[in-house]
Structures are given as structure tokens and as C-alpha cells.
Amino acid sequence: MMECKLKQIHRVKHSVPIKINTQTHKYDELVYFISGCGTTMINGQTLSYKSGDFAFYKSGTPHNEYDPVPCDIIWMHFFFDIEGVALKEGLFCDIDGRLLSCLLNLRKQSLEQSDYKNQMVEIFLAEAILVATQIQNTFEVAHSRTNWEKVLNYIDSNINEQIDFVFLAKSNGYSYDRFRHLFAEQFGLSPYAYLTNQRIEHAKRLLKNSNLRITDIAFDSGFNSSSQFTNIFKKYVGLTPKEYKKRVSAK
């Protein structure tokens with residue numbers, strides 16, 4: 001059995017910040033962020049989106065949206081009943097643009113004045129729903145197959161570099177927010193917190209076992225300056241790097 005009904009689909013481009021207050025809808029809603037960045041809140045959880053992400057909200061689910069920069073967005077309200085198919089609420093990443101292509105075709109068809117328009121719209125909508133579901137399921141499969149040891153080894157091997165966690169997330173099949181959530185589930189802290197902790201531990205080893213200057217240790221440990229290093233080190237360790245070096249050298 002398959003029933004798909006499109007209530008409305010729109011493409012919106014804006015050049016000024018827009019804030020949409022918390023709302024609910026009678027129908028399911030899918031919002032695709034073609035370009036831009038911002039946040040959306042689903043059931044009290046705030047998620048950050050970027051270009052290529054899409055959000056799905058079930059009918060009746062409270063949600064909001066804040067677009068602080070110019071954005072290009074497609075959104076639609078719809079109803080569907082496809083046997084064995086269920087969309088999950090949340091924010092997901094359309095890595096290869098398949099869903100965007102479906103939505104653009106769907107919007108184009110919805111604007112046509114032709115024979116069999118309603119039937120064609122239903123077909124294009126069903127395709128978009130199935131592609132979105134496949135993307136969501138791929139995220140779940142990727143989660144189960146993610147080699148977290150490989151992820152940690154990559155971070156540990158690049159602690160003195162500016163790691164692009166958004167790229168790292170996408171290379172593992174996730175949006176950054178999903179990756180951060182799963183990483184925290186696995187290790188009890190965010191990717192950035194883990195990286196900072198590893199940098200501090202590396203710096204502690206250098207302070208204890210080398211005669212490098214504080215500035216050199218800061219850069220070798222991935223910090224942008226000695227002042228940043230000192231502030232973060234004291235926050236984590238309770239001592240400045242100089243105080244720590246003096247204490248471990250006295251032992």
C-alpha cells in the first residue's frame with residue numbers, strides 16, 4: 001500500500017537573519033538547507049545545520065529554526081503511508097545531493113500545469129521519501145560499522161593540526177551533530193573535548209621529558225599561542241605550564 005499527498009512545497013531564499021518561533025504542523029515537514037547555516041530545535045534538542053543537511057519533523061512535533069546568515073531552503077508539508085517505510089525525526093546529511101535532486105524535481109512538477117500532474121507529484125514525492133529514508137538508514141548502518149578506533153587514531157595522530165571535525169564526520173557518513181552525539185555516547189565527551197584532552201596530555205609529557213620552551217610546546221601540542229595554551233592548561237590541570245614543569249621536575 002502506498003499513499004503520498006503533497007500539501008505544499010516552497011523554495012525560500014533570504015539575505016537577512018530569520019527566526020521562526022517554536023511551532024507545530026498538522027502534516028509532516030521536511031526542510032532541506034541548500035545553502036547557509038543555523039540551528040533548529042526538535043523536541044527541545046537544538047541541532048546545528050549546514051549546507052546539504054535536511055531536517056524531518058513529524059506532524060505535531062514542536063520545532064523552531066534560526067537562520068543567522070543568508071540561506072536557500074526548500075521545505076514541504078506532506079502526508080505519506082508507505083508500507084515498511086518510516087522517516088525518523090532529526091537532522092541528517094545528504095552527502096551526495098540525491099535528496100536535493102528529488103526535491104527540485106518534485107517542486108518543478110508541482111508547478112506544472114499538465115495532464116496527470118497529481119499522479120506525477122505523488123510519484124516524485126514517494127521517491128523523495130524513499131531516498132530520505134535510505135539516507136537515514138545509511139546513517140544508522142554507518143554508526144554500527146564506524147571504526148571508532150580508527151577515528152581516535154586519526155585524532156591522536158593529528159593533535160598538532162587544526163582537525164576539521166565536519167569533514168571527519170562526513171567521511172564517516174554523518175552530519176557533524178550526529179557524529180558529535182555518537183562520539184559522546186562512545187567516549188563520554190565531545191570530539192573537541194577529547195582533542196583538547198589529548199593535547200594537554202601531550203603537553204604534559206613534553207613538559208616533563210623535554211627542555212623545549214613553553215611556546216614551542218604550545219605549538220607542538222596544537223595550540224594557537226602560548227597564552228591560549230597557558231589558559232587551557234591551567235583550566236584542565238589546575239597549574240600553569242611553568243608551575244607544572246617546576247613541580248614534575250622537582251620529583
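Residue numbers start at 1 and run along the sequence shown.
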task: Write down the atom of H14, the atom of V69, and the distance for their closest heavy-atom approach.
output: CE1-O, 3.4 Å
message: For a quick check under 3.5 Å, do Y57 and T40 share a side-chain donor-acceptor pair by atom type?
response: yes
message: Please confirm whether the ring centroid of F187 lies under 6.0 Å from the ring centroid of F183.
response: yes
- prompt: Going by distance alone, is a donor N or O of one side chain under 3.5 Å from an acceptor N or O of the other, for K88 and N137?
  reply: yes
message: Count I, L, V, M, F, W, Y as connected when their side-chain heavy atoms are under 4.5 Å apart, and connections chain through other members. Are M2 and V85 then in the same cluster?
response: yes
task: Quick one: closest heavy-atom pair of A132 and L30, and the distance?
output: CB-CD1, 4.3 Å
- prompt: Taking the side chain as C-beta and beyond, is there a heavy-atom pair between C71 and I18 under 4.5 Å?
  reply: no
- request: In sequence, state the C-alpha distance, the side-chain angles, and the governing distance for D220 and H202, and then conclude on side chain to side chain donor-acceptor pair (under 3.5 Å).
  value: CA-CA 9 Å; D220 192 77; H202 179 71; 2.7 Å; yes
Heavy-atom side-chain proximity of L47 to M41 below 4.5 angstrom: no
query: Can the ring centroids of F233 and Y244 be said to lie less than 6.0 angstrom from one another?
result: yes
message: Under 4.0 Å between a side-chain nitrogen and a carboxylate oxygen: does that hold for K246 and E243?
response: no
field: Flag for H63-E65: side-chain donor and acceptor within less than 3.5 Å
entry: no
- prompt: Yes or no on side chain to side chain donor-acceptor pair (under 3.5 Å) for E185 and H181, after CA distance, side-chain angles and deciding distance?
  reply: CA-CA 6 Å; E185 279 190 347; H181 174 74; 3.1 Å; yes
field: Shared hydrophobic cluster for M120 and I129 (ILVMFWY, side-chain gaps under 4.5 Å)
entry: yes
- request: Would you check if F54 and F33 make a side-chain contact, meaning some heavy-atom pair closer than 4.5 Å?
  value: no
query: Do F78 and I9 have side chains that get closer than 4.5 Å, going by heavy atoms?
result: no
message: Assigning hydrophobic clusters by single linkage (Ile, Leu, Val, Met, Phe, Trp, Tyr; side-chain heavy-atom cutoff under 4.5 Å), is L103 placed with Y27?
response: no
field: Contact check, side chains of F79 and L125, non-hydrogen atoms, under 4.5 Å
entry: no
- prompt: Which is it for D164 and Y176 under the side chain to side chain donor-acceptor pair (under 3.5 Å) test, yes or no, and what are the steps along the way?
  reply: CA-CA 10 Å; D164 186 344; Y176 172 68; over 6 Å; no
field: N/O donor-acceptor pair under 3.5 Å between K58 side chain and E89 backbone
entry: no
field: Pairwise side-chain contact, L168 with Y154, heavy-atom cut-off 4.5 Å (strictly under)
entry: yes
field: Name of the residue among Q186, R178, R180 meeting side chain to side chain contact (heavy atoms under 4.5 Å, CB included) with L182
entry: R178
statement: side chain to side chain contact (heavy atoms under 4.5 Å, CB included) test vs S221 passes for just one of I232, L206, L207, namely L206
query: For Y32 and D94, what are the C-alpha separation, side-chain angles and deciding distance, and is it a side chain to side chain donor-acceptor pair (under 3.5 Å)?
result: CA-CA 9 Å; Y32 192 106; D94 180 29; 2.7 Å; yes
query: Do K245 and K208 have side chains that get closer than 4.5 Å, going by heavy atoms?
result: no
- request: Group every Ile, Leu, Val, Met, Phe, Trp and Tyr by side-chain heavy-atom contacts under 4.5 Å, then state whether Y194 and Y192 land in the same group.
  value: yes
